[in-house]
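Structure first, commentary second.
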Protein chains: 4
Amino acid sequence: MFFNIDPTNGLAIYDQIGRQVKFAVADEALCPGDLVPSVRELAKQLAVNPNTVARAYRELQSEQVLAGVRGTGLQVTPGAPQLCRDQRETLLGHRLRSVLLEARRSGLSDDELRKLVDDELSHLFAGGKSK
Amino acid sequence: MFFNIDPTNGLAIYDQIGRQVKFAVADEALCPGDLVPSVRELAKQLAVNPNTVARAYRELQSEQVLAGVRGTGLQVTPGAPQLCRDQRETLLGHRLRSVLLEARRSGLSDDELRKLVDDELSHLFAGGKSK
Amino acid sequence: MFFNIDPTNGLAIYDQIGRQVKFAVADEALCPGDLVPSVRELAKQLAVNPNTVARAYRELQSEQVLAGVRGTGLQVTPGAPQLCRDQRETLLGHRLRSVLLEARRSGLSDDELRKLVDDELSHLFAGGKSK
Amino acid sequence: MFFNIDPTNGLAIYDQIGRQVKFAVADEALCPGDLVPSVRELAKQLAVNPNTVARAYRELQSEQVLAGVRGTGLQVTPGAPQLCRDQRETLLGHRLRSVLLEARRSGLSDDELRKLVDDELSHLFAGGKSK
DNA sequence: GTGGTCTAGACCACC
DNA sequence: GTGGTCTAGACCACG
C-alpha cells in the first residue's frame, strides 16, 4: 500500500497512520466502501505492532471515517471523503505553520526560507509522481 | 526573551528549547560569552518545570553549545555560532521535509501545495520582522 | 545482575551506572544484541530512582552504546564493544591517576604508596574472581 | 603553595582543599604553629571562590586541624600532625579501593590492572619529586 | 543567586 | 510489560 511511517518526525505512529488514511481518502486513493488493509497486514507491512494499527483504526472509527463490517473488515464510510478533504488543509497547515514559524524565528531571511522550501519541494518532486 | 514553546507540535519541550537556543545562536541573538537565561528564570517564563529546562541545557552542554561557569550560569561557547549555523538547515530541513512529504502524499497537486506554503508564509510574515 | 553503586565515591549515581554498563560491555558480560535490565528493574535492584537509571541509559544511547527497541527495551549496539574497550583504560586511568596523584602529593614515599596499592589489590583479589 | 585542584575528579573542591591541607600536615610541609594561606590568597591562587576556601578551613577548624588566632589567621594545631597522619591512609585507601574495585569489576585481569597502576605510577614519578 | 543531582510519582506511546 | 516525558520539590556545591 501507500503508507510509510517515520518514527522520528515527532508524530505518534498511530497518528501518522490515521492521518495517512485520511489523506488517502481525501485523495480518492481510498473510496467509500473500500476495505482498509487488515490490522495484521498493515502492521506487518509497516513493521509496527498490531496494537498500534488497531488504535489508529479505532480512532478513525470514532471519527466516522471508517466503519466496521462484521466478519469482513473496516471500510471507508460514505461521508469520509468530504470529511477528510475538509481536514486535509487544517491538518497539514498546522504542522506546516509550526515548522515555518520555527524557521522564521531562527533568523532565516524570507529568501533563505523560501529557498529552503523550494529545495525540499524539488527534492520531493524529483522522485515522486506529479498529479 | 525570545523563546516560546508549543506543547502540541510533536517535539518534546526540552527539544524545542534546545532547538530555539541553537537557532538564537545561529541568528546571533545569542553570541559567544552571553549567558543564557538561568534554568529557573527560563522555566518560569515558559511555565515549564525547571528540570525540563535543565535537561535542554544539559544536552546543549554535551553538544558544546553551552558551557557552565560555576555559580554564574551557562555561557554560549566560542564554537557555537559555527556549529549552530551548520545545524540550522539540517534541523529545519528535516522537519520541513517530513511535513512536505506528508502533504505530497496526501494528493495535493504541486500548485495546491505551493499555495498552501505561500499562504502560511504570508500569514507569518504579515506580523513578523523581515530580516 | 552485576551492578552495584557506591553513593559515597564522588561519582554521580547515573555516571556510575553508565560506567558499569560500559565496563560490562568491554568485559563481554554484555554483548551486542543483549537487552540491558529495564529501567524499572535496575532501579529497584539498585534501590535508586528510575529516573536516575533512565538518565544513565539515555546518555548511553547518545553515545551509541545502547539503542532502543520500541516497547522491548534497550539493546547493546554492534559497535559498543569496540567503543567500550577503547574507553575502559581512559575512564579507569583518569580516576586512578587522580587518586595516585593525591597520594603522591600527600608525602607517601614510593614504597609506601606501592604497598598501599598492593594491600588494596590483595584485599580485592582475596574475594574476587581472577580472570 | 602546594595545592592544586581538579574540578573533574568527583570530589567537591572544598573537600579537595581540606584533604590537601591534611596531607600537607601529615607530610610535615605544614607544622604546628604554621599559618595557612589566607582565605583570599588561597582562593586567588586556586582560582576558586573565597567562600569555598572558607568552607574548607571552617571544617578543618571543626576537626581541630586548624585553629584561629584573632587578627592573625589560621594556624596548624599541635595535635594536627598525629591526627592527619592517622587519617592519611584511611582517606587515600578509601578512594583507591573504590577505583580499584571498579577496575577489577570491569574485567581487567590482575596483570592488566597491575600494569595500568604501574603505568600511572611511572608517569607520576617521571615528573615528580621522589621522597 | 547559580547549576547539578536525586527522589517520587504522573501520564503517554508502544509491545 | 517497555522506555520517554514532564512535574514538583528536595538537597548540595559554589559565587
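Numbers restart at 1 for each chain; the letters A, B, ... are given by sequence-line order, proteins then strands.
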Q) Whole-Å distance between F:dG15 P and B:Leu35 CG? A) 15 Å
(Q) Measuring to OP1 and OP2 of E:dG1, would you say a side-chain N or O of B:Ser38 lies under 4.0 angstrom away? (A) no
Q.
Is there a side-chain contact between C:Thr52 and the phosphate of E:dT7, meaning an N or O under 4.0 Å from OP1 or OP2?
A. yes
(Q) Please compare B:Asn51 and C:Arg40 by the position of their nearest nucleotide in DNA chain F and report the one closer to 5'. (A) C:Arg40
**Q.** Nearest-nucleotide pick for B:Tyr14, side chain only, options being F:dC6, E:dA13, E:dT7
**A.** F:dC6
Q. Do D:Ser98 and C:Arg95 meet the criterion of a side-chain donor-acceptor pair at a distance under 3.5 Å?
A. yes
Q: Could you check D:Ile13 against C:Gln61 and say which one's nearest nucleotide on DNA chain F is further toward the 5' end?
A: C:Gln61
Q) Checking all strands, does B:Gly68 fall into the base, sugar-phosphate, or nothing category for heavy-atom contacts under 4.0 angstrom? A) nothing
Q.
Out of the candidates D:Val53, D:Asn51, D:Thr52, only one should pair with D:Val39 under the side chain to side chain contact (heavy atoms under 4.5 Å, CB included) rule; please name it.
A. D:Val53
Q | Whole-Å distance separating the OH atom of C:Tyr57 from the P atom of F:dG4 | A | 11 Å
Q: Ignoring the backbone of D:Arg55, work out which of F:dG15, E:dG3, F:dA13 is nearest its side chain.
A: F:dA13
Q) Using a cut-off of 4.0 Å on non-hydrogen atoms, how would the nucleic acid contact of A:Gln16 be classed: base, sugar-phosphate, or nothing? A) nothing
Q | A:Asn49, nearest nucleotide to its side chain (from E:dG3, E:dC15, E:dA13) | A | E:dC15
Q | Pairing partner (Watson-Crick or G-U wobble, both distances under 3.5 angstrom) of F:dA13 | A | E:dT2
Q. With no hydrogens and no angle check, is any side-chain donor or acceptor of C:Gln75 less than 3.5 Å from a backbone partner on C:Val69?
A. no
Q. Has the side chain of B:Arg58 got a donor or acceptor atom sitting under 3.5 Å from an opposite partner on the base of E:dG3?
A. no
Q) Does some side-chain heavy atom of C:Ser62 sit less than 4.5 Å from a side-chain heavy atom of B:Ser62? A) no
Q. Between A:Asp6 (CG) and E:dC14 (C1'), how many Å, whole number?
A. 16 Å
